[in-house]
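I have placed the structure first, in the form of structure tokens, so that the comments after it can refer back to it.
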Amino acid sequence: DNNGYVLLKRNNMFWTNHSVDLKKIKDKCEELINIEGKSAGKDGKILSDTFAEEGAYRLTNLLSKGDCFKPLFTIPDIINCVNQVLGNSFRLSSMDMRDPLKGMGHQGLHLDWGQRKSKKDNFFQCSAFIILDKVTINNGPLRVIPKSHLELVDVKSSSAHSKKRKIEDNKILDSVDEKKSKLITGNIGDIIILNSNTFHGGTNNINGMRRRVLFINYRNKNLRTQL
């Protein structure tokens, strides 16, 4: 509620109790990367229109690509947090994976959906990031601007790309990125819950260690989903 995000520390026993095998999920992600994702990261360039980002392996629509992913989006710890942000009128929007390559992965600060019109408006999207590899400050952790879901409502530009933002919004985001950004590190199995109106972005993977993270997006049920 206060910062726009929270890190839930969860060990392997937690996931076992929910019938989730994180190693199996990680192996499945690797299988899918080998099939459909590696060309997205060759020399940091996209070789096909089917890939969403240069410099990172990305997998989309995971719910349709393996039964091992199906228990994830109903984990009570996640659902309860999403309910706190969105109320009980929400549904699953998407389930994807991102893994930045060495020397790549930096994203401009952005919102994963549009900005609210005012502080009085309800929030409409919330995301859960499930960590599959240990995340350190050197392998591309998520960075967030604490309290920005409350304090930066006047910044209407939600794009990660500076050319698509208003000049004044760029100045504000550059300033808060320098002064207030916080890196979120964690261990395998930890969960980051993020209010999607909190400005955030990826960082460069400096040491090249793998940093596979699943992210599950939930939206107000009146909005279109990405499934």
Side-chain angles (χ1 to χ4, degrees), residues 3-7 26 29-30 32-34 36-60 62 94-113 127-149 152 155 157-165 169-217:
N3 289 319
Y5 70 94
V6 66
L7 176 67
K26 189 155 55 174
C29 286
E30 202 62 18
L32 292 169
I33 286 173
N34 286 324
E36 63 181 73
K38 282 212 166 178
S39 56
K42 186 176 181 181
D43 299 324
K45 296 181 179 179
I46 297 175
L47 301 184
S48 168
D49 291 338
T50 61
F51 300 114
E53 179 185 0
E54 294 183 358
Y57 299 147
R58 274 188 179 265
L59 300 172
T60 61
L62 291 178
S94 61
M95 185 185 297
D96 304 327
M97 188 223 70
R98 184 175 182 270
D99 180 18
L101 301 174
K102 185 176 182 179
M104 307 291 285
H106 183 272
Q107 298 172 315
L109 291 175
H110 63 278
L111 306 177
D112 289 334
W113 191 256
S127 299
F129 297 78
I130 300 175
I131 296 175
L132 299 181
D133 297 298
K134 184 178 177 63
V135 177
T136 71
I137 61 173
N138 292 314
N139 67 342
L142 178 73
R143 77 187 190 285
V144 301
I145 305 300
K147 304 182 185 301
S148 56
H149 65 310
L152 297 184
V155 177
S157 304
S158 59
S159 174
H161 305 287
S162 59
K163 293 181 180 179
K164 295 182 179 181
R165 302 193 204 122
D169 286 350
N170 272 327
K171 291 180 180 178
I172 293 171
L173 292 177
D174 287 345
S175 177
V176 296
D177 201 3
E178 180 180 355
K179 297 176 182 178
K180 296 184 178 181
S181 64
K182 179 179 176 62
L183 300 179
I184 310 300
T185 60
N187 295 315
I188 296 172
D190 289 347
I191 306 168
I192 304 166
I193 305 292
L194 179 75
N195 182 325
S196 295
N197 280 99
T198 303
F199 278 94
H200 63 282
T203 58
N204 279 338
N205 184 342
I206 298 171
N207 63 15
M209 299 296 290
R210 300 298 297 275
R211 197 236 63 175
R212 287 160 287 193
V213 172
L214 297 176
F215 52 102
I216 310 172
N217 298 315

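Residue indices begin at 1 and follow the sequence shown.
No donor-acceptor pair under 3.5 Å is formed between the side chain of Asn139 and the backbone N or O of Arg211. In this structure, Asp112 contributes its side chain and Ser196 its backbone to no donor-acceptor pair below 3.5 Å. No donor-acceptor pair under 3.5 Å is formed between the side chain of Gln107 and the backbone N or O of Gly201.
Pro141 and Thr203 get closest at one heavy-atom pair: O-OG1, 2.7 Å. Across all non-hydrogen atoms, the minimal contact from Leu132 to Ile188 is O-CG1, 3.5 Å. Taking each heavy atom of Asp190 and Leu7 in turn, the nearest pair found is CB-CD1, 4.0 Å. A pairwise comparison of heavy atoms in Asn204 and Gly103 identifies OD1-O, 3.9 Å as the closest pair. Between Ala56 and Pro100, the shortest heavy-atom distance links the atoms CB-CA, 3.9 Å. When all heavy atoms are compared, the tightest approach of Leu173 to Ser157 is CD1-O, 4.5 Å.
Between His110 and His200, the ring planes lie tilted relative to each other; the angle falls in the 30° to 60° range.
Under the 4.5 Å side-chain criterion, counting only non-hydrogen atoms from C-beta, Thr136 is not in contact with Met209. For the pair Ile216 and Met95, the minimum side-chain heavy-atom distance is below 4.5 Å. Inter-residue side-chain proximity for Met97 and Leu62 is flagged as met; some heavy-atom pair is nearer than 4.5 Å. No side-chain heavy atom of Val144 sits under 4.5 Å from any side-chain heavy atom of Phe199.
For Lys147, the salt bridge (Lys or Arg N to Asp or Glu O under 4.0 Å) test picks out no residue, with sequence neighbours left out. Considering only residues two or more places apart in sequence or on other chains, Asp169 meets the salt bridge (Lys or Arg N to Asp or Glu O under 4.0 Å) condition with none of them. Qualifying salt bridge (Lys or Arg N to Asp or Glu O under 4.0 Å) partners for Lys102, counting only residues two or more places apart in sequence or in other chains: none. The side chain to side chain donor-acceptor pair (under 3.5 Å) test applied to Asp99 returns Arg210, not counting sequence neighbours.
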Donor-acceptor pairs under 3.5 angstrom involving side-chain atoms of residues 177-185: please list them, not counting sequence neighbours.
residue: Asp177; atom: OD1; partner: Arg143; partner atom: NE; Å: 3.0
residue: Asp177; atom: OD2; partner: Arg143; partner atom: NH2; Å: 3.0
residue: Ser181; atom: OG; partner: Asp177; partner atom: O; Å: 2.8

- Query: What do the steps show when you test Ser127 against Asn217 for side-chain hydrogen bond (donor to acceptor under 3.5 Å, both in side chains), and what is the final call?
  - Reply: CA-CA 4 Å; Ser127 299; Asn217 298 315; 2.5 Å; yes
- Task: Could you walk me through whether Leu214 and Cys29 pass the side-chain contact (heavy atoms from CB on, under 4.5 Å) test, one step at a time?
- Result: CA-CA 9 Å; Leu214 297 176; Cys29 286; 4.0 Å; yes
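The salt bridge (Lys or Arg N to Asp or Glu O under 4.0 Å) pairs that include a residue from residues 127-141 are Lys26-Asp133, Asp133-Arg212, where partners are two or more places apart or lie in different chains.
In this structure, the separation between CD1 on Ile145 and OG1 on Thr198 is 10.0 Å, given to the nearest 0.5 Å. The CG atom of Asn170 sits 11.5 Å away from the NZ atom of Lys163 when rounded to the nearest 0.5 Å. Taking CG from Asn3 and OG from Ser148, the interatomic distance works out to 9.5 Å, rounded to the nearest 0.5 Å. Distance check: Tyr57 OH to Asn34 CG gives 8.0 Å after rounding to the nearest 0.5 Å. From Ile192, atom CD1 reaches atom OH of Tyr5 across 9.5 Å, with rounding to the nearest 0.5 Å. We find the CZ-CZ distance between Phe215 and Arg58 to be 4.5 Å, quoted to the nearest 0.5 Å.
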